[in-house]
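Some notes on the structure that comes next.
Computed from a predicted structure; not experimentally measured.
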Amino acid sequence: RLRPHGGDRYRSGARLERVVDRVQPVLDPPYAHAVQKVFVDLYDKGLIYRDNRMVNWDPGSRSAISDLEVEDREVTDTLYYIDYPLESGRGSVTIATVRPETMLADTALAVHPDDDRYTRLIGETAILPLVGRRLKIIADPYVKPEFGTGALKITPGHDPNDFEIGRTHGLDEVTVIGEDGLMTEAAGERFAGLKVLDARDAVVAALEAEGAIAGTEPYEHDVPHSHRSGMRIEPLISLQWFCDMEKLAEPAIRVVKEGRVRFHPENPWAGVYLSWMENIRPWCVSRQLWWGHQIPVWYCDECGEMIAAEEEPEQCPCGKGSPRRDPDVLDTWFSSALWPFATLRWPADTPELRAFYPTDVLVTARDIIFLWVARMIMMGIEFTGEIPFTDVPITSVIQAPDGRRMSKSLGTGIDPLDEIDEYGADAVRFGLIAMASTQDVRYSEKRVKQGQDLANKLWNASRLVLLKVDPDVEPAPRPETAEDRWILSRLERATERIGGRYESFELSRAALDLYDFFWGEVCDWYLELVKPRLYDEQADRTALSATLLHVLERVLKLAHPLIPFVTEEIWSFLPGERGLLAASPWPKVDPERFDEAAEGQVGSVIEAITALRRYRDEVGAPAGARIPGRILAAGYEGALDHVARLARFELEPGSDENGDVVATVAIPRGSVQVLRSDAIDTGEAERRREAEVKRLQSEIARAEGKLANSGFVSKAPEHVVEAERQKLARLKAELEELS
RNA sequence: GGGCGGUUAGCUCAGUUGGUAGAGCGCCUGCCUUACAAGCAGGAGGUCGCCCGUUCGAGCCGGGCACCGCCCACCA
């Protein structure tokens, strides 16, 4: 029913000046070339190196993964207390561990240097049960005396902390668990080949047989798991490729501190980014997967040389071997980090690159700030010398309606296409934008419904305007009356406010501000106020038509980013040749149209109508009945018909003491006397009057109390005190009218 | 263990410099009023998590507490 401008493919409502598709960089040779160039350059700069280090080994994917791909899960393990006899034969040291199978790789015991219970043992040797290895007892401040027994077994091959301690103290690194998740030969023939958990049982059984288990207790703690496979991470020493991040991070920290790259909202995201960057650690970039950009490094079996090159070397410089390529691939985020420029065919100096790099805005969610955003900034600066983008709006995360994460496995996901089928693309877009604020929010189908209602309202309001307006008139602000000046003033204020919201990436505020202005001011008041003129076939409606079209045109522009399809469709019905709304310029605020007088005047009219309507309802007046009354207030000279028509009163100006006044309704700068008529239930009217008197009395008391407070009068700003005084005077006048 | 965010109307959420709380939905009442019943008019409903403090005045500022959530971190 609605034409998707730009073809089927752009149903999202995105308007793209130019489209560059880069779907799968692994399959895109120029992109792959960029990845290899970056790797080799970083290698040549000494920022990428190969090392035997402790990595997060994911037994599920059988690959190393980065720190960022690890998530902690709470697990209940058994904490085993194991006795390690001293070589001297004078007793034993008891340690606590949740992973007894790794004891086979122990190469030391450690205690805190200041722990009085153990200081005499430092430098002594203990004997590793089952294995018989001699373990030196070392002192290291890492050990927490209060945990367990205060003595720690050191397993540099299978624990990240122990690895660091081992490197510090120059300990042997024994590996008893292989990359296949099975115990290695080094574990001894009793255990070799067993799965880790089976090995644990076997080790515990063997220790029990030796009487070396001093006790057990259940122990709850967080254990790292693979984000990808969900399996428990096996920390292993492994030969991997690492990227040293500190040098890359330095300028990337600076550009955010200097405000050249801005996060929105700045709090807390700039801080989150900076604190991660300032504590950045080496990035393990190699993966033992078959899918990905293969690492551009070759090894020569003959001379042992390692060659990093963008092209495969025919022959090793040593002249003997034909080099063999490293089978590992790169972390997918390594290639993603190059996205802003590699998609544009960098390192070639293409027109695309010159035109679109750097770009302006990268919209994303917070979970990807480190994985992607930070790395794009670092790589962008390093390889192009420029920041890749200037603004990074961080969207809120939309949760399932019940507050859980949206996820496929939980079945809590919502398919936007289903929602679009039900409510329309504009509605889903508006709803998502309106519900997303600065914090995480639950998906609200009601907001989408609200978007649908708004799109519908836009359509209907446009219909009113377009069917009644003189079609030969050019849209232009041509005010004839107070309400014209009022809406034109309000229109400029809305333009300023909503434009500012877009500018500062407060899209949900933009959406709600637009909703309020269009529905609450344009539809509820302006269109209602101009109807008599609009329907008057005799009158010259040229100026009114111009103004109405101007208002409509502006509203469509303000709404277009939120509601692209319906606004574009309506736009096409506006008179004249005007091209696409999407391509039309954003409106400039015209401060000349600000009109305080008109805003005050029409504001009073609105208040008066609302007060009279409330009165009608409270006294149970039939909806169709016109109530006679007299208006005793200044400033309604040109608006009497408006008030009368929209409040359904029969109003005459001035005070006539003849006539039966049954009530007085306060309106700005005066009141309306309601005259006796069949429409009014006098009993209801009396009850209403009494309630109003009571309300006024309590408000007067409050205002008087405030003004009697010498602290308030002497210390509050003058205009606040003055406002309070005027309010009190007004309330007293209203009470006077009622009594 | 550090850091951050949340706690406001039955529900989902706003609330920009401190000046007696707002929206949408839901609910109640009345309306098919000539753009729109996917609508119009009106209404009810809140000790702004708790306690202290600063201030003439606190949902907004400071301190503490309680729950909920997130991030970072090498605690067996």
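Side chains of A:Thr94 and A:Asp83: a donor-acceptor N/O pair is present below 3.5 angstrom, by distance only. A donor and an acceptor atom, one from each side chain of A:Glu419 and A:Tyr443, are located under 3.5 Å apart. Remark: the A:His225 side chain and the A:Asp72 side chain contain no N/O donor-acceptor pair separated by less than 3.5 Å.
The separation of B:rA73 from B:rG2, taken at their P atoms, amounts to 16 Å, rounded to a whole angstrom. Distance check on atom C1': B:rC27 versus B:rA9 gives 12 Å, rounded to whole Å. To the nearest whole angstrom, the two P atoms, one in B:rC50 and one in B:rU55, are 23 Å apart.
When distances run from any side-chain atom of A:Tyr142 to the nucleotides B:rC74, B:rC56, B:rU20, the shortest one goes to B:rC74. The nucleotide whose nearest atom lies closest to any side-chain atom of A:Leu68 is, among B:rC36, B:rC72, B:rG19, B:rC72. For A:Ala623, counting side-chain heavy atoms from C-beta on, the closest listed nucleotide (B:rC31, B:rU20, B:rC40) is B:rC31. With B:rA76, B:rG19, B:rA14 as the candidates, the nucleotide lying closest to the side chain of A:Arg509 is B:rA14. Checking B:rC56, B:rA41, B:rC70 against the side-chain heavy atoms of A:Asp617 singles out B:rA41 as nearest.
Contact annotation: A:Arg281 reaches the phosphate of B:rC74 (side-chain N/O to OP1 or OP2, under 4.0 Å). In terms of phosphate contacts, A:Ser437 brings a side-chain nitrogen or oxygen within less than 4.0 Å of OP1 or OP2 of B:rA14. The phosphate of B:rC25 has neither OP1 nor OP2 within less than 4.0 Å of any side-chain N or O from A:Arg447. Checking the phosphate oxygens (OP1, OP2) of B:rC40, a side-chain nitrogen or oxygen of A:Trp519 falls inside 4.0 Å. Proximity of A:His221 to the phosphate of B:rC75: no side-chain N or O atom is located under 4.0 Å from OP1 or OP2. Residue A:Arg442 places no side-chain N or O under 4.0 Å from the OP1 or OP2 atom of B:rC11. OP1 or OP2 of B:rC56 has at least one side-chain nitrogen or oxygen of A:Lys715 nearer than 4.0 Å. Dashed line: the shortest gap from a side-chain N or O of A:Tyr219 to OP1 or OP2 of B:rA76 is under 4.0 Å.
For the pair A:Gln452 CD and B:rC36 C1', the computed distance is 13 Å after rounding to whole Å.
Both A:Asn161 and A:Leu527 lie close to RNA chain B; mapped to their nearest nucleotides by heavy-atom distance, the more 5′-ward contact belongs to A:Leu527. Of the two residues near RNA chain B, A:Arg613 and A:Asp159, the one whose nearest nucleotide lies more 5' is A:Arg613.
Of the nucleotides present, none pairs with B:rU55 by Watson-Crick or G-U wobble criteria with both distances under 3.5 Å. Both distances falling under 3.5 Å, in either a Watson-Crick or a G-U wobble arrangement, place B:rC67 opposite B:rG6.
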Audit row: A:Arg725, A:Glu722, salt bridge (Lys or Arg N to Asp or Glu O under 4.0 Å) steps and yes/no
CA-CA 5 Å; A:Arg725 288 209 181 95; A:Glu722 185 51 33; 3.7 Å; yes
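Checked by distance alone, A:Lys468 brings no side-chain donor or acceptor within 3.5 Å of a matching partner on the base of B:rU34.
A:Arg281 forms no cation-pi arrangement with A:Trp276, by the criterion of a distance under 6.0 Å to the ring centre and an angle within 45° of the ring axis.
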